[in-house]
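Protein chains get the first letters and strands the later ones, always in sequence-line order, with residue 1 at the start of each. Since we're looking at a predicted model, the values are computed, not measured.
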Number of protein chains: 2
Amino acid sequence: MNSSADGLLTPIDSTETGVQQIRDAIRDAIVERRLAPGTKLSESDVGGLFNVSRTLARAALQALSYEGLVSVEKNRGAFVAYPSPEEARQIFAARRLVEPGILKSAAERITPVQLRQLRQLLLEEGRLMGERGQSARRAEIKASGDFHLMVAAISGNLIMQRFMEELVARSSLVIALYGQSSVSSCGHSEHGDIITALEQKDVDTACHLMLHHIAHIEADLDLRERKSFGLKEAFER
Amino acid sequence: MNSSADGLLTPIDSTETGVQQIRDAIRDAIVERRLAPGTKLSESDVGGLFNVSRTLARAALQALSYEGLVSVEKNRGAFVAYPSPEEARQIFAARRLVEPGILKSAAERITPVQLRQLRQLLLEEGRLMGERGQSARRAEIKASGDFHLMVAAISGNLIMQRFMEELVARSSLVIALYGQSSVSSCGHSEHGDIITALEQKDVDTACHLMLHHIAHIEADLDLRERKSFGLKEAFER
DNA sequence: CGACGCTAAATTGTATACAATAATTTGCAC
DNA sequence: GTGCAAATTATTGTATACAATTTAGCGTCG
């Protein structure tokens, strides 16, 4: 069900089979912005949708809440997370904090094969940018995140990899909420620049480019506090 | 139930009440090394212990598995995590990667009050080191981790704070498994040095000290692969 | 006409029941 | 007595049932 760069990812999971699938499906839907922030995810609905009992639906929603994609409120249910501007800032602050280090670690271990895989991912990303239609747009969103995920995978640290998965997914939510233009075209070329620096073993430049890249994404956000909805609109979604 | 530096921590949780308590209780037991790595945590036992149904016990164990403290194997149950040497390396690599950045961020925001709180935590830590007895030893373990957690809390980034909670907790497991001497005395003075650097607004020195501190902890580990237990001992725990 | 309060419906919280899988014991043959 | 196999027991996986809480609808009252 996952598309592109899954040869490297080892999702660690040894546990549940069904829950895993449901969790991944919902996560993909959130990351690809088919599910808008704030959308209610009732246990019955989710269970019905995947033909399982509420037990498993609930477990999947719980799991998603641990990665910050779903917020579950006691006695009220689960909702697609609606990150506040402050949360958004913290997510990007975390990315600025960890991504250079991850990149540095990846640069030390990267093989020619992996460099080629990165290039290929970039190509795919570029191809999708040319296409039209919602589904191409979704794949493009996914591919642009997969670049950062693949770098994390190359770093060889499963813990940082998992953490980056969380950060990338939550970033997608933030961009959905606060993004202004579709910054993707600019982001795409920046990915390419980073790969080039990596090819030349220029770690410092790569890290700088990465920081700029993150800053660019963040600069496209309009992180003003939305006044907490006119009393009614907030609950009539 | 938590002891010292909880004024700063906001566990975010809005969900379950009972599950939360169980999760925290088991986590404390693991971090304080009352539960040895590899110990089986059967759902019935956990539920019985806290007077709740298997449903809630299971939820708590799932939660713990998401933070890497418990590993649940399909159809076999949950066990206190038994990190491999490779995992241990990755945990400390992750700490080296993020703690300088967290410290830097904390240094920018720290207030005199918080500096005093850090000093006080250090004092408490030192006091416990003098005491004898298992319970003092446990409190000491906790306090030494709380130093890093408080720095993360001061950084003001809830995401990095949560991540550090995971890393500190998992470190405790690693030390329980692979630690040689009780390195705590040396670690204690290093905590003090970091605070001093912080007081003098010397961020670079503070970061260097932090890296050395982490390196010292890691240097005390014997990360050789234990041959996978002589066939019987592995299952007769 | 809007605000308050009550009842009914829907949804979540928790426990229990049953099915499926793994661990243990028993029994038999060698 | 040892080794293997079947049966028994225990434990996890999943669904369902019931309790508690919230939400929605509705009628009354100001």
- Message: For a quick test of reading the model: is some side-chain N or O of K40(B) closer than 4.0 Å to OP1 or OP2 of dT12(D)?
- Response: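 Yes, because at least one side-chain N or O of K40(B) sits under 4.0 Å from OP1 or OP2 of dT12(D).
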
- Message: The side chain of S42(A) is closest to which nucleotide in this list: dT16(C), dA15(D), dT11(C)?
- Response: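 Closest nucleotide among those given: dT11(C).
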
- What's the closest nucleotide to the E43(A) side chain, out of dT16(D), dA15(C), dG13(C)?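 Of dT16(D), dA15(C), dG13(C), dG13(C) is nearest to the side chain of E43(A).
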
Whole angstrom is fine here: how far is it from [atom1] in [X] over to [atom2] in [N]?
{"X": "R76(B)", "N": "dA23(C)", "atom1": "CZ", "atom2": "C1'", "result": "9 Å"}
{"X": "R54(A)", "N": "dT14(D)", "atom1": "CZ", "atom2": "C1'", "result": "13 Å"}
{"X": "Q20(A)", "N": "dG13(D)", "atom1": "CD", "atom2": "P", "result": "13 Å"}
{"X": "N75(B)", "N": "dG13(D)", "atom1": "CG", "atom2": "P", "result": "5 Å"}
{"X": "Q21(B)", "N": "dT14(C)", "atom1": "CD", "atom2": "P", "result": "11 Å"}
{"X": "F50(A)", "N": "dA15(D)", "atom1": "CZ", "atom2": "P", "result": "14 Å"}
{"X": "L56(B)", "N": "dA15(C)", "atom1": "CG", "atom2": "P", "result": "5 Å"}
{"X": "K74(A)", "N": "dT12(C)", "atom1": "NZ", "atom2": "P", "result": "14 Å"}

- Electrostatic pair R162(B):E166(B) at N-O distance under 4.0 angstrom: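 Looking at E166(B) together with R162(B), the answer is no, because their closest N to O distance does not fall below 4.0 Å.
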
- Query: What nucleic acid atoms does T55(B) come within less than 4.0 Å of, heavy atoms only: base, sugar-phosphate, or nothing?
  - Reply: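 T55(B): base contact, heavy atoms under 4.0 Å.
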
- When you measure from the side chain of E124(A) to the backbone N and O of L121(A), does any donor-acceptor pair fall under 3.5 Å?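 Judged by distance alone, no pair lies under 3.5 Å.
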
- Does any pair with a residue in residues 24-49 of chain B pass ring pair (Phe, Tyr, Trp, His ring centres under 6.0 Å), and if so which ones, sequence neighbours excluded?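 Non-adjacent pairs meeting ring pair (Phe, Tyr, Trp, His ring centres under 6.0 Å): zero.
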
- Query: With sequence neighbours left out, what residues match V168(B) under side-chain contact (heavy atoms from CB on, under 4.5 Å)?
  - Reply: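 Checked V168(B) against side-chain contact (heavy atoms from CB on, under 4.5 Å); matches are R95(B), H148(B), L149(B), M164(B).
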
